Amino acid sequence: MSDEARDGSVETSLHIDPYEKNWMRLTVVLLVVFATAVTIAGFALGFQVPSPEERVNPNTVASEGPFSEPGLREYPDGSYDLYIVSQMFSFVPNEVTIPAGSEVTFYVTAVDVQHGFKIQNTNVNMQIVPGQVSKLTATFDEPGSYDFICTEYCGSAHAQMYGTLTVEK
Ligand code: CUA
């Protein structure tokens, strides 16, 4: 369709279609919604971005250093560090028990391919990359059984890669 109107005059002002205007409004609204969601998640709900704690050699990480003896380390203040090695197709350890109210800092690494580490019904959800240690801290106030699963497809038995964190009263 031509810009020329029936009377021969040419439209010179910027014409924005009403539909396009609505899409532009929607874009601004979505940006505000996303920014608000990130702010609430970070400051009100305490979501953390899992940090790459350090780089390690995936070929030797399971035989030397803290991951050679994976599991819980308890500190005098009642907090814990938990070292977990991920590999096709298991977490070591895959059964962990802590008392309710414990603050646990997870250190998780992989020795073969990329895995995921997600504890159901919690904020703990990390990608586990060979050569890197993923770290996240969480507090477990509610007693119960928390399954943790691999969330990254890592091979034929990916669905069998899971474990349980038990929080006792
Ligand atoms: Cu490990 Cu999927």
Side-chain angles (χ1 to χ4, degrees), residues 27 30-31 33-169:
T27 306
L30 283 177
L31 284 175
V33 168
F34 290 153
T36 307
V38 168
T39 306
I40 291 172
F43 293 99
L45 301 179
F47 283 25
Q48 304 168 66
V49 177
S51 56
E53 169 71 1
E54 60 171 320
R55 303 220 169 261
V56 290
N57 182 341
N59 298 316
T60 57
V61 69
S63 56
E64 51 194 55
F67 287 95
S68 63
E69 287 181 46
L72 273 179
R73 316 264 199 279
E74 186 180 357
Y75 293 101
D77 66 357
S79 68
Y80 292 88
D81 283 349
L82 177 53
Y83 286 82
I84 295 181
V85 177
S86 324
Q87 62 201 13
M88 291 185 283
F89 297 99
S90 62
F91 294 107
V92 180
N94 62 4
E95 301 277 350
V96 180
T97 302
I98 54 168
S102 301
E103 183 187 89
V104 183
T105 301
F106 295 85
Y107 296 86
V108 190
T109 194
V111 297
D112 41 28
V113 299
Q114 186 167 332
H115 299 276
F117 181 79
K118 176 177 165 58
I119 307 180
Q120 290 178 323
N121 303 323
T122 72
N123 288 345
V124 179
N125 187 357
M126 302 190 281
Q127 284 200 313
I128 311 303
V129 181
Q132 188 171 296
V133 178
S134 298
K135 177 188 174 189
L136 200 56
T137 300
T139 302
F140 295 86
D141 290 325
E142 287 293 314
S145 189
Y146 297 79
D147 290 334
F148 53 86
I149 59 171
C150 178
T151 51
E152 200 74 50
Y153 182 76
C154 52
S156 56
H158 157 72
Q160 269 72 57
M161 190 166 168
Y162 57 85
T164 307
L165 176 73
T166 304
V167 179
E168 288 184 331
K169 276 183 197 151

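These values consider heavy atoms only, across backbone and side chains, with no hydrogens, waters or symmetry-generated copies. Bear in mind that the values here come from a model prediction, so they are computed numbers and not experimental data. Whatever order the structure lists them in is the order used to number ligands and atoms, beginning at 1.
For atom 1 (Cu) of ligand 1, the count of nearby protein N, O or S atoms, meaning those under 2.8 Å away, is 4.
Of all the heavy atoms in G116 and T151, the pair that sits closest is CA-OG1, 3.3 Å.
Listed by chain and number, the residues in a ring pair (Phe, Tyr, Trp, His ring centres under 6.0 Å) with F67 are Y83 (sequence neighbours excluded).
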Please set out all donor-acceptor pairs under 3.5 angstrom arising from side-chain atoms of residues 86-99, sequence neighbours excluded.
| from | atom 1 | to | atom 2 | distance (Å) |
| --- | --- | --- | --- | --- |
| S86 | OG | T109 | O | 3.1 |
| Q87 | NE2 | S90 | OG | 3.4 |

Under 3.5 Å, which donor-acceptor pairs link side chains of residues 154-169 to any protein atom two or more places apart or in another chain?
| from | atom 1 | to | atom 2 | distance (Å) |
| --- | --- | --- | --- | --- |
| H158 | ND1 | E152 | O | 3.0 |
| T164 | OG1 | D147 | OD1 | 3.3 |

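Within the 3.5 Å criterion, the main-chain N or O of Q127 finds a donor-acceptor partner in the side chain of S134.
Within the 4.5 Å cutoff, the side chain of T122 has no heavy atoms near those of the F148 side chain.
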